[in-house]
Amino acid sequence: MINRTIGIDLAIRGDHVAQIHDDGRPVGRPIRFRHDTGSLDAFMAQATTGLRTGDTVLAVMASPSWNPPG
């Protein structure tokens with residue numbers, strides 16, 4: 001069973017960047033994508049490659065302009 005985490009940095013301008021981690025280890029290079037059908041389809045194909053029934057996926061998104069309270 002794979003526990004996949006996908007960290008996604010959301011950009012206001014330009015490409016968003018995601019990094020896949022399986023069981024805490026980085027998988028491949030960071031993935032750049034945009035908000036268009038072809039780019040999102042390619043991102044989803046990479047994000048789900050190798051997953052089987054019962055595997056888990058957690059997507060964590062953060063904006064570079066976000067400032068935590070405190």
Side-chain angles (χ1 to χ4, degrees):
M1 179 177 187
I2 294 173
N3 292 308
R4 178 166 290 172
T5 303
I6 305 172
I8 305 171
D9 287 327
L10 300 174
I12 295 171
R13 294 179 191 88
D15 296 346
H16 305 300
V17 180
Q19 177 65 58
I20 296 173
H21 291 77
D22 284 351
D23 301 318
R25 292 181 303 277
V27 176
R29 299 178 64 139
I31 303 164
R32 295 186 174 279
F33 65 98
R34 291 185 166 266
H35 281 173
D36 63 65
T37 302
S39 186
L40 289 169
D41 286 346
F43 168 67
M44 287 304 296
Q46 287 181 285
T48 58
T49 295
L51 294 177
R52 298 177 304 256
T53 301
D55 292 341
T56 61
V57 177
L58 172 67
V60 180
M61 295 177 270
S63 169
S65 63
W66 182 74
N67 291 314

A.B. asks: Report the residues that fulfil salt bridge (charged side-chain N to carboxylate O under 4.0 Å, His left out) with D41, sequence neighbours left out, ordered by chain and then residue number.
C.D. replies: none

A.B. asks: Taking all non-hydrogen atoms of both residues into account, name the closest pair between A47 and I20 and its distance.
C.D. replies: CA-CD1, 3.7 Å

A.B. asks: Applying salt bridge (Lys or Arg N to Asp or Glu O under 4.0 Å), which residue pairs with at least one partner in residues 16-31 are found, sequence neighbours left out?
C.D. replies: R4-D22

A.B. asks: L40, V17: one ILVMFWY side-chain cluster at the under-4.5 Å cut-off?
C.D. replies: no

A.B. asks: Looking only at heavy atoms, what is the nearest atom pair of I8 and A18, with distance?
C.D. replies: CG1-CB, 3.9 Å

A.B. asks: Look up atom CD1 in I6 and atom CE in M44, then write down how far apart they are to the nearest 0.5 Å.
C.D. replies: 7.0 Å

A.B. asks: Hey, could you give me each pair passing side-chain hydrogen bond (donor to acceptor under 3.5 Å, both in side chains) that has a residue in residues 48-62? Not counting sequence neighbours.
C.D. replies: N3-T56

A.B. asks: Return the minimal non-hydrogen interatomic distance between G14 and A11, and the atom names on each side.
C.D. replies: O-CB, 4.1 Å

A.B. asks: Tell me which pairs pass ring-ring contact (aromatic ring centres under 6.0 Å, His included) where either residue lies in residues 1-22, with sequence neighbours left out.
C.D. replies: H16-F33, H16-H35

A.B. asks: Under 4.5 Å between side-chain heavy atoms, chaining through other members, with only Ile, Leu, Val, Met, Phe, Trp and Tyr counted: pull out the rest of the cluster around V60, sorted by chain and number.
C.D. replies: L58

A.B. asks: Apply salt bridge (charged side-chain N to carboxylate O under 4.0 Å, His left out) to R34 and list each qualifying residue two or more places apart in sequence or on a separate chain.
C.D. replies: D15

